[in-house]
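Reviewing the structure listed below.
Heads up: numbering here begins at 1 and tracks the sequence. Everything numeric here is computed off the predicted structure, so don't read it as measured data.
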Amino acid sequence: GDGDFVVVVKIPISLYIPKEGDVVVVNQHEFGILLKRVDHTLERGKLIYLIGIGGNSIDSRHFGPIPRNDIVGKVIFHVKKPKR
């Protein structure tokens, strides 16, 4: 959500096969840097369908699958904003 923090590890793409449910940071050519969840992959992980984490997110329903090379890193830790 707004105000949350995430820890992202940069992974050499040649070593990383995205799995369903992974949360990744991607550099999408049209929309820039995005934080998305992997919905599913095609061609043994070469093409990735992403789903938004929020309700009205821009994701693969808008821009289609992305190549694995567009992944910048994987979220390994999520810190929720403290409630007041």
Side-chain angles (χ1 to χ4, degrees):
D2 287 344
D4 288 4
F5 290 92
V6 293
V7 177
V8 176
V9 62
K10 291 184 97 172
I11 303 171
I13 291 305
S14 59
L15 301 177
Y16 174 57
I17 305 295
K19 297 185 304 296
E20 182 180 322
D22 284 354
V23 179
V24 294
V25 177
V26 299
N27 189 2
Q28 205 277 336
H29 67 91
E30 191 177 348
F31 295 100
I33 301 294
L34 303 171
L35 183 71
K36 302 292 170 194
R37 186 176 313 279
V38 175
D39 187 57
H40 64 279
T41 64
L42 299 172
E43 299 178 29
R44 292 191 178 177
K46 291 181 182 173
L47 288 176
I48 295 97
Y49 273 87
L50 303 171
I51 193 86
I53 296 169
N56 292 326
S57 292
I58 302 280
D59 55 29
S60 288
R61 293 171 290 189
H62 301 90
F63 51 73
I66 63 155
R68 186 170 68 173
N69 290 345
D70 284 358
I71 295 176
V72 176
K74 178 183 174 189
V75 173
I76 58 168
F77 196 66
H78 180 181
V79 179
K80 292 198 177 282
K81 179 181 176 183
K83 293 184 178 170
R84 299 191 171 203

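Val23 is not connected to Ile17 by any chain of hydrophobic side-chain contacts under 4.5 Å among Ile, Leu, Val, Met, Phe, Trp and Tyr, and they are in different clusters. If you chain together hydrophobic residues whose side chains sit under 4.5 Å apart, Val7 and Val9 fall into the same group. The same ILVMFWY cluster, assembled from side-chain heavy atoms under 4.5 Å apart, contains both Val6 and Ile33. Using a 4.5 Å cut-off between side-chain heavy atoms of Ile, Leu, Val, Met, Phe, Trp and Tyr, with links allowed through other members, Val8 and Ile76 fall into different hydrophobic clusters. One hydrophobic cluster holds both Val26 and Ile58 under the rule that ILVMFWY side chains link at heavy-atom gaps under 4.5 Å.
Sorted by first and then second residue, the side-chain hydrogen bond (donor to acceptor under 3.5 Å, both in side chains) pairs involving residues 58-72 (not counting sequence neighbours) are Asp59-Arg61.
Interatomic distance, CD of Gln28 versus CZ of Phe63, reported as 4.5 Å (0.5 Å rounding). Phe5 CZ to Lys80 NZ: the interatomic distance, rounded to the nearest 0.5 Å, is 13.5 Å.
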May I have the list of side-chain donor-acceptor pairs in residues 37-57 shorter than 3.5 Å, sequence neighbours left out?
from, atom 1, to, atom 2, distance (Å)
Arg37, NH1, Gly21, O, 3.4
Ser57, OG, Gly54, N, 3.3
Ser57, OG, Gly54, O, 3.2

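Side-chain contact between Ile71 and Ile66 is present, with heavy atoms from C-beta onward closer than 4.5 Å.
Summarising the geometry of Asp4 relative to Lys81, their closest heavy-atom pair is OD1-N, 2.8 Å, with the distance given to 0.1 Å.
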